[in-house]
Amino acid sequence: RTALFGPTVVSKNVAALVDPNVRGRVIFTAVLLYSDGNGYALSEFGLQMFNGDLYAMSTRGVITKDADSQLTFIWRSTIL
């Protein structure tokens, strides 16, 4: 796959951290603040590389984002 199934409605920077406890694991974290993405039904999430290629994606049940919610996404990837 080269893209998500639906349109991109929110795009956030991701913090990457090498896990000091597990060899080859990287932890990616992104936060949707209270003011981000309100009113959208979110069901797909992806990690996009700097060059625009999609590194990974996930599809899940719908989360309807509103101003009362802040969402933190943590994605763990182990490279063998």
Side-chain angles (χ1 to χ4, degrees):
R1 297 213 10 99
T2 58
L4 299 175
F5 290 109
T8 300
V9 295
V10 179
S11 180
K12 297 295 290 188
N13 288 330
V14 175
L17 172 71
V18 175
D19 189 334
N21 300 311
V22 179
R23 182 181 172 151
R25 179 178 285 171
V26 179
I27 302 169
F28 300 97
T29 304
V31 179
L32 290 183
L33 302 173
Y34 294 103
S35 59
D36 293 331
N38 293 322
Y40 289 110
L42 306 173
S43 63
E44 292 184 307
F45 309 92
L47 291 174
Q48 186 179 40
M49 296 187 295
F50 186 75
N51 68 359
D53 290 346
L54 193 61
Y55 171 73
M57 69 167 287
S58 175
T59 303
R60 53 162 292 125
V62 173
I63 299 171
T64 302
K65 177 69 176 67
D66 61 32
D68 294 330
S69 303
Q70 177 172 293
L71 302 175
T72 301
F73 298 93
I74 301 172
W75 202 310
R76 292 175 179 87
S77 181
T78 303
I79 301 166
L80 302 175

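All values derive from a computational prediction rather than experimental measurement.
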Requested in this report: Could I get the full list of side-chain contact (heavy atoms from CB on, under 4.5 Å) partners for V62, not counting sequence neighbours?
Outcome: A41, S43, T64

Query raised in the report: Is any side-chain heavy atom of V10 closer than 4.5 Å to a side-chain heavy atom of L32?
Result: yes

Query raised in the report: Under a 4.5 Å side-chain heavy-atom rule over Ile, Leu, Val, Met, Phe, Trp and Tyr, are L47 and V26 clustered together?
Result: yes

Requested in this report: For D66, enumerate each residue passing the side-chain hydrogen bond (donor to acceptor under 3.5 Å, both in side chains) test, keeping only those at least two apart in sequence or located in another chain.
Outcome: S69

Side-chain polar contacts of residues 73-80 - donor-acceptor pairs under 3.5 angstrom, sequence neighbours left out - could you list them?
residue: S77; atom: OG; partner: Y55; partner atom: OH; Å: 2.7
residue: T78; atom: OG1; partner: R25; partner atom: NE; Å: 3.4

Query raised in the report: In Å and rounded to the nearest 0.5 Å, what is the OG1 to CD distance from T59 to E44?
Result: 4.5 Å

Query raised in the report: Can you name the closest pair of heavy atoms from V14 and A30 and give their distance?
Result: CG2-CB, 4.1 Å

Query raised in the report: Among pairs that include at least one residue of residues 26-39, which meet side chain to side chain donor-acceptor pair (under 3.5 Å), considering only residues two or more places apart or in two chains?
Result: K12-D36, N38-K65

Query raised in the report: Partners of N51 by side-chain contact (heavy atoms from CB on, under 4.5 Å), sequence neighbours excluded?
Result: M49, D53

Report task. Could I get the full list of side-chain contact (heavy atoms from CB on, under 4.5 Å) partners for R60, not counting sequence neighbours? Result -> F45, I63

